[in-house]
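The structure under discussion appears below in the form of structure tokens.
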Amino acid sequence: MVSLKYFKGLLLSTHYAPSFKWSEDFKAYVAPAYNYASALEYFRKGEIEVDDNVMDPLPFPIVKDNIKLREYQERALRLWLSRKRGVLVLPTGAGKTVIGIKALSTLKVATLIVVPTIELLHQWADKIEELLDASPGIIGGGEDRLSGITVITYDSAYIKVEQLGNKFPFVIFDEVHHLPSIGYINIAELMASPFRMGLTATPEREDGRHVLLEDRVGPVLVRLHPSQLSGKYLAEFKTKRLYVELTPKEKEKYEELRGKFISYLRKKGFRMSSPRDFQRLIYLAGRDKDARDALLAWHESMKISINSESKLEKLKEILKEYLGHKIIVFTRDVDMAYKVSREFLIPAVTYLTPKDERKEILSKFRTGDYKVIVASNVFDEGVDVPDASVGIVLGGYGTSRQMMQRLGRILRKSEGKVATLVEIVSKGTSDHNLSRRRSSATK
DNA sequence: TTGACTCAACATCCTTTGCTACAA
DNA sequence: TTGTAGGTTTCCATGTTGAGTCA
């Protein structure tokens with residue numbers, strides 16, 4: 001007979017199992033708690049009886065369930081239920097929350113829902129109340145109420161995982177691409193929960209750590225692109241890329257800075273073929289002045305190419321062309337957002353905008369008092385942005401995630417709507433590279 | 001309870017040309 | 001001769017958010 005128990009994110013076993021190591025301190029075989037399901041499986045196969053004291057689940061509340069799923073949601077849920085582990089990749093607006101809630105009301109076990117922002121904390125809580133007629137626990141954003149269905153931020157989960165790790169047989173990671181980061185991965189590893197669901201529109205991370213998801217949450221079970229839902233469930237959309245030239249003055253400065261950067265690379269025989277190489281340069285910049293100067297030149301050249309004056313000219317034309325439409329203009333940095341705001345008398349939202357002001361701007365955009373708003377990267381995730389029909393990308397990262405999120409902002413379906421995402425790109429510059437890299441999102 | 005503040009964590013950050021040493 | 005890898009640990013700058021503290 002094996003005795004198996006939970007202690008602060010760890011499993012303690014009297015017998016060996018894969019991933020377990022002997023610990024003198026505990027006088028037991030020890031492994032991170034996420035090995036719980038596989039350890040049980042191992043003992044079962046070996047026909048070894050287990051005295052299982054791992055889970056100490058909270059009671060599941062009484063809930064109503066009138067949830068009707070769309071056919072693709074149904075299919076995704078069915079697939080997930082067949083193994084009760086895995087990641088569902090669905091575009092923004094496809095109703096990931098509803099699938100998660102249906103899953104927990106089907107399993108009827110205590111569930112922890114982990115989300116990245118306080119805004120999502122409340123969105124999930126509201127949706128649970130609406131669909132299940134139950135009031136969930138909330139941990140984070142100043143609240144600390146534990147219940148059989150609890151929504152928690154990644155930050156709070158990170159802090160409390162040792163206490164909560166065996167209270168929830170089911171854990172849902174919303175925006176699961178956050179999970180593999182160095183700190184947050186502990187949440188997945190120190191929880192014993194055998195049932196796990198990850199939700200995201202884009203699991204891939206620039207640092208490549210998304211490969212950890214398969215082991216900690218499960219494999220990608222479903223992957224739907226906006227184009228597969230457009231027409232029926234999401235608005236139809238088209239994308240356009242418009243090119244502009246840098247002004248002669250910008251071009252001169254750009255070439256100069258770029259030259260500085262490249263001549264440093266050449267001088268040092270630096271090859272830039274992967275993010276690791278760039279990381280190396282950053283590391284060097286911490287101790288070598290030339291490297292630092294080269295990196296600063298690179299930063300500045302980037303800024304020039306992304307925030308060219310010509311883009312503002314082009315923006316003026318596009319705003320005229322789509323006069324009367326609801327438009328969101330996206331920039332890469334705060335400076336450009338405020339520049340656009342000043343020149344076109346458009347309200348701007350950035351991370352510097354006070355909460356109340358942001359709320360007011362979004363509410364006026366919702367009602368149509370504001371037809372156009374400009375935002376830096378703040379709408380990339382977890383913000384309930386009112387629907388628009390035109391998105392104009394002045395600048396951004398080279399990630400398909402950001403592009404996908406921005407596209408998602410204009411895809412809410414309404415009668416006869418065709419959404420348009422316009423990208424304005426500085427030709428022959430690093431801005432063009434960024435645009436190419438992120439473009440896979442819209443195909 | 002709120003608001004202002006600080007702090008910590010996370011995310012992005014690449015595509016130039018062709019050196020040098022070593023392995024196949 | 002040809003092809004390929006080469007050396008590294010907390011991190012140039014900026015943007016964004018959540019938690020915690022204190023008035």
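Naming convention: chains lettered A, B, ... in sequence-line order (proteins, then strands); numbering from 1 in each chain. Just so it is clear, the structure is predicted and the values come from calculations on it, not from any experiment.
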Are OP1 or OP2 of dT15(B) and a side-chain N or O of Asn433(A) less than 4.0 angstrom apart? yes
Rounded distance (Å) that lies between atom P of dT6(B) and atom OH of Tyr351(A): 13 Å
Mind checking whether Asn307(A) and Lys339(A) have side chains closer than 4.5 Å, heavy atoms only? no
Given that both distances must come in under 3.5 Å, which nucleotide forms a Watson-Crick or G-U wobble pair with dT1(B)? none
Nearest-angstrom distance from the residue atom CG of Leu281(A) to C1' of dC13(B): 10 Å
Under 4.0 angstrom between His299(A) side-chain N/O and dC13(B) OP1 or OP2: no
Roughly, in whole Å, what's the span from CD1 in Ile262(A) to C1' in dC14(B)? 11 Å
Is the phosphate of dT17(C) approached by Arg358(A) (side-chain N or O, under 4.0 Å from OP1 or OP2)? yes
Does dA19(C) have its OP1 or OP2 closer than 4.0 Å to a side-chain nitrogen or oxygen of Ser156(A)? yes
Should the ring pair His178(A) and Tyr154(A) be called parallel, tilted or perpendicular, given that the plane angle runs from 0 to 90° and is split at 30 and 60? tilted
So for Arg332(A) and dG15(C), does any side-chain atom that can act as donor or acceptor lie under 3.5 Å from a complementary atom in the base? no
Side-chain N,O (Ser376(A)) to OP1/OP2 (dT16(C)) below 4.0 Å: yes
For Leu284(A) and dC11(C), what is the distance between atoms CG and P respectively, to the nearest whole Å? 12 Å
Exactly one candidate in Arg436(A), Arg241(A), Lys240(A), Lys238(A) meets salt bridge (Lys or Arg N to Asp or Glu O under 4.0 Å) with Glu423(A); the answer is Arg241(A)
When the C1' atoms of dC12(C) and dC14(B) are compared, how many Å lie between them, rounded to an integer? 15 Å
Report yes if a side-chain nitrogen or oxygen of Arg209(A) is closer than 4.0 Å to either non-bridging phosphate oxygen (OP1 or OP2) of dA11(B); otherwise report no. no
Please report, rounded to the nearest Å, how far the C1' atom of dC12(C) is from the OH atom of Tyr264(A). 11 Å
Quickly work out the Tyr158(A) OH to dA8(B) C1' distance and round it to whole Å. 10 Å
Cation-pi check, Lys326(A) onto Phe365(A) ring (under 6.0 Å, within 45° of axis): yes
Short side-chain N/O contact from Thr153(A) to OP1 or OP2 of dG18(C), under 4.0 Å: no
Taking 4.0 Å as the cut-off, does a side-chain nitrogen or oxygen of Trp298(A) come that near to OP1 or OP2 on dA13(C)? no
Distance below 4.0 Å between Arg401(A) side-chain N/O and dT12(B) OP1 or OP2: yes
Could you state the atom-to-atom distance from OH of Tyr184(A) to P of dA9(B) in whole Å? 10 Å
Whole-Å gap separating C1' (dC10(B)) and OH (Tyr397(A)): 11 Å
On DNA chain B, nearest-nucleotide positions of Met302(A) versus Ile185(A): which is more 5'? Ile185(A)
